[in-house]
Amino acid sequence: MAGNKTFTMIKPDAVKAGHIGAIMAKINEAGFRIVAMKLTKLSPEKAGEFYAVHKERPFYQELVDFMSSGPIVAAILEKDNAVEDFRTLIGATDPSKAAPGTIRALFATSIGENAIHGSDSDENAQIEGSFHFAVTEMF
Ligand code: IDP
Ligand code: MG
């Protein structure tokens, strides 16, 4: 059975552009409850650790530099079928391929600077949520 939690980050491009409020409104309208949330900034080391799964990819250094370039919003969200429904809400990695009305279609500028992260599995939602929040914060 699908889990009911996912993890997200509003990425530095979208925070810089002033889109936190508009993106959170889309998330709320889609029926997600905020379990934990903070404005924070990743060091290059922490960004590298978060995206370690991509370290052999050609865009890894670019991704680490981008994700540590400014503040982000990290959040744990709750809803039935959270991981899949949130991936649908954010749209494809490449905003030119993202469905109309999705968060990436609305706010992303490129495949790298694509406004928002969403966990891709229940297991990764747990790992990524714990990376940013103490378990006791997940009420
Ligand atoms: P996802 O965020 O949709 O799950 P992944 O393939 O897991 O996409 O890639 C993680 C992140 O790496 C993307 O969200 C994007 O910021 C960045 N990225 C992915 N592909 C490219 C690329 O071809 N060039 C630059 N950055 C990329
Ligand atoms: Mg991914």
Side-chain angles (χ1 to χ4, degrees):
M1 201 183 93
N4 67 348
K5 287 200 182 62
T6 192
F7 171 77
T8 188
M9 293 182 289
I10 301 176
K11 297 186 179 184
D13 58 326
V15 172
K16 246 176 230 137
H19 295 318
I20 294 174
I23 290 173
M24 289 314 303
K26 298 285 291 180
I27 291 171
N28 287 333
E29 283 159 18
F32 291 87
R33 189 176 81 83
I34 300 163
V35 176
M37 182 164 76
K38 66 181 171 190
L39 185 73
T40 185
K41 189 167 186 278
L42 290 170
S43 64
E45 293 69 30
K46 279 294 200 186
E49 204 185 313
F50 186 90
Y51 283 109
V53 63
H54 293 306
K55 65 177 179 294
E56 305 306 332
R57 308 280 285 276
F59 57 82
Y60 177 67
Q61 192 57 51
E62 182 189 332
L63 176 60
V64 169
D65 291 346
F66 165 57
M67 287 302 296
S68 58
S69 68
I72 62 162
V73 173
I76 295 169
L77 305 172
E78 185 178 71
K79 182 187 180 298
D80 289 348
N81 202 36
V83 165
E84 190 186 347
D85 286 1
F86 195 73
R87 294 286 297 196
T88 301
L89 177 67
I90 70 176
T93 309
D94 180 349
S96 71
K97 297 184 180 127
T102 59
I103 291 173
R104 282 169 166 167
L106 290 167
F107 302 109
T109 48
S110 69
I111 191 168
E113 305 207 356
N114 60 2
I116 192 158
H117 169 83
S119 303
D120 63 6
S121 66
D122 289 342
E123 188 193 358
N124 283 336
Q126 174 61 45
I127 292 168
E128 293 171 1
S130 306
F131 184 91
H132 283 271
F133 296 96
V135 173
T136 49
E137 291 177 78
M138 299 186 204
F139 55 88

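As the structure lists them, so they are numbered: ligands from 1, and atoms in each ligand from 1.
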Residue list, side-chain hydrogen bond (donor to acceptor under 3.5 Å, both in side chains) with Asn28, at least two apart or on another chain: none
- prompt: Restricting to pairs with a member in residues 95-118, which pass salt bridge (charged side-chain N to carboxylate O under 4.0 Å, His left out), not counting sequence neighbours?
  reply: Asp94-Lys97
Hey, can you pull the donor-acceptor pairs under 3.5 Å for the side chains in residues 50-58, sequence neighbours left out?
unit_1	atom_1	unit_2	atom_2	d
His54	ND1	Arg57	NH1	3.0

CE on Met9 to OG1 on Thr40, rounded to 0.5 Å: 10.5 Å
message: Check for me whether Lys38 meets the cation-pi criterion with Phe133, that is, NZ or CZ under 6.0 Å from the six-membered ring centre and within 45 degrees of the ring axis.
response: yes
field: Atom-level proximity to ligand 1, residues with heavy atom under 4.0 Å
entry: Lys11, His54, Phe59, Glu62, Leu63, Arg87, Thr93, Arg104, Ile111, Gly112, Asn114
query: Counting only N and O atoms by type, is there a donor-acceptor contact under 3.5 Å from the side chain of Asn4 to the main-chain atoms of Glu78?
result: no
